[in-house]
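Below is one structure, written out as structure tokens; comments come after it.
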Protein chains: 2
Amino acid sequence: MASKKTYSISELSKEFDVTTRSIRFYEDQELLRPSRRGQTRIFSSKDRVRLKLILRGKRMGFSLAETKELFDLWDETPIGNEKQLLKMLTILNNKRAQLEQQKNDIAQAEMEMDTAEARCREALAELQKKKKQQAPANDDEKQAAEN
Amino acid sequence: MASKKTYSISELSKEFDVTTRSIRFYEDQELLRPSRRGQTRIFSSKDRVRLKLILRGKRMGFSLAETKELFDLWDETPIGNEKQLLKMLTILNNKRAQLEQQKNDIAQAEMEMDTAEARCREALAELQKKKKQQAPANDDEKQAAEN
DNA sequence: AAACACCTTTACGTTTACGTAAACTTTCTC
DNA sequence: GAGAAAGTTTACGTAAACGTAAAGGTGTTT
């Protein structure tokens, strides 16, 4: 009995901080497939998971089309078709490579931010020194004030 | 003498596999500032670094505007202005948080890919078993063939 | 039953990040 | 010095991912 709850469009909208317009757009692009009660959309927990995946994909720089590809692939891959399964494996490997690239990019960015921050702090320290020279205050007082 | 070399637009285009159109667009958006010899653009090694950063930013899901913000920030931050330096530090922290989020997203994605791959391999193994039952070949031959 | 919240479709508008074509100038290469 | 190669500007076109009305349908609360 895996969470059989359903959701309205505004529930999902609020939970994930995304406009209803976007959610409808995702349905239009066939990334979500809510059922209907009359006209009203009813989202399953599967839809909810998918929405979460869509948003994560966006944060990772994936286009909706890319995300849809993955959804489709997963949906269409028959558990009993060898060819499809192999294709799935190669695509998974491609995605892995992409993630590796992203991890490298992030690591690089972090290193550069480290040096940038170091320079900032150095410059600040330099400024502090000059201040003290101009107004030679009591060191102990300052130390105490910062705690 | 930090690498005083210069580059033509096509050189950069080839090196980073990006169209000249894009490079000119980046200049238009003031992310690059090549000098000119007559009409022709001459890119410095600083421009080259920036281009690299632009592309990395894109891979990380940053818009050109976001990247430009960072460039501007860095350019404009005077080494002697305390306020600017502090602002820089807070922005650096924000970016760090963003990178953390991305790392989490990637880790999640990797886990899911692991389980997906496992299921694929399981299904494939299942198929292999059935094949063998239908055509009960010699196991040793197969093993040998795979080496 | 009037008002209000929430849902719907339809459809035109907007921003970003380029693509593509035209028409022209400058720079190599033979 | 003629032609090809590489560069330029100008400008219209396009795909993605929504924003933003407009106009209206359900339902429930007072």
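Computed over heavy atoms, backbone and side chain alike; hydrogens, waters and symmetry mates excluded. Keep in mind the model is a prediction, meaning the values are calculated, not measured. Convention: sequence-line order gives letters A, B, ...; per-chain numbering from 1.
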inquiry  = Side-chain heavy atoms nearer than 4.5 Å, only ILVMFWY residues, links allowed to pass through others: does that put B:Leu55 and A:Met60 together?
reply    = no
request  = With A:Lys5 as the cation and A:Phe43 as the aromatic partner, state whether NZ or CZ is under 6.0 Å from the six-membered ring centre and within 45° of the axis.
outcome  = no
ask   = D:dT8, C:dT9, C:dC7: which one has an atom nearest the side-chain heavy atoms of B:Thr40?
value = D:dT8
inquiry  = From the set C:dT9, C:dC18, C:dA11, return the single nucleotide nearest to any side-chain atom of A:Arg21.
reply    = C:dA11
Phosphate OP1/OP2 of [N] contacted by [X] side-chain N/O (<4.0 Å):
| X | N | result |
| --- | --- | --- |
| B:Thr20 | D:dA6 | no |
| A:Ser22 | D:dG19 | yes |
| A:Ser10 | C:dC7 | yes |

query = Pick the nucleotide of DNA chain C nearest each of A:Ile9 and B:Lys58; which residue has the one closer to the 5' end?
reply = A:Ile9
task = Could you check B:Gln39 against B:Tyr26 and say which one's nearest nucleotide on DNA chain C is further toward the 5' end?
result = B:Tyr26
query = Once you build an axis from the first five pairs and another from the last five of the helix from C:dA1-D:dT30 to C:dC30-D:dG1, how far apart in angle are they, to 10 degrees?
reply = 10°
Within-4.5 Å side-chain heavy-atom neighbours: A:Arg50 and A:Leu31 = no
query = Considering only heavy atoms from C-beta outward, does the side chain of A:Val49 approach that of A:Lys52 to under 4.5 Å?
reply = no
task = Name the nucleic acid region contacted by A:Thr19, choosing base, sugar-phosphate or nothing; use a 4.0 angstrom heavy-atom cut-off, strictly under.
result = sugar-phosphate
ask   = What is the nucleic acid contact for B:Arg36, judged by heavy atoms within less than 4.0 Å: base, sugar-phosphate only, or nothing?
value = sugar-phosphate
Between A:Ser44 and A:Asp47: side-chain donor-acceptor atoms closer than 3.5 Å = yes
message = Looking only at the side chains, is there a donor atom on one of A:Ser22 and A:Thr19 sitting less than 3.5 Å from an acceptor on the other?
response = yes
note = Between CG of A:Leu64 and C1' of D:dC18 the distance, given in whole Å, is 9 Å
